[in-house]
J.: 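I have a structure here, written as structure tokens, and I will follow up with some questions on it.
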Amino acid sequence: MLWSDRDDKPPKELRETQDMLHRAGFLLALAMVLAMIFAGIR
């Protein structure tokens, strides 16, 4: 019960890092889909 009462709001840096990673992963997936469509057209 030491760290479990702090899990309702994570630190600001952790939340910003998770948001950045989520956005980067989404952009990477979008770029891969576009690249596959482009490769399929050519």
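Scope of the values below: all heavy atoms of this structure, side chains included, with no hydrogens, waters or symmetry mates.
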J.: Looking at OG1 of T17 and NZ of K12, how far apart are the two atoms once the value is rounded to the nearest 0.5 Å?
T.: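 Separation between the atoms: 10.0 Å.
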J.: Roughly how far, to the nearest 0.5 Å, is CD1 of I37 from CE of M32?
T.: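 One gets 12.0 Å once the value is rounded to the nearest 0.5 Å.
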J.: Once you round to the nearest 0.5 Å, how far does CD of Q18 lie from CE of M20?
T.: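 Going from CD on Q18 over to CE on M20, the span is 11.0 Å.
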J.: Distance from L34 atom CG to L27 atom CG, nearest 0.5 Å?
T.: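 Answer for the CG-CG pair, L34 versus L27, is 10.5 Å.
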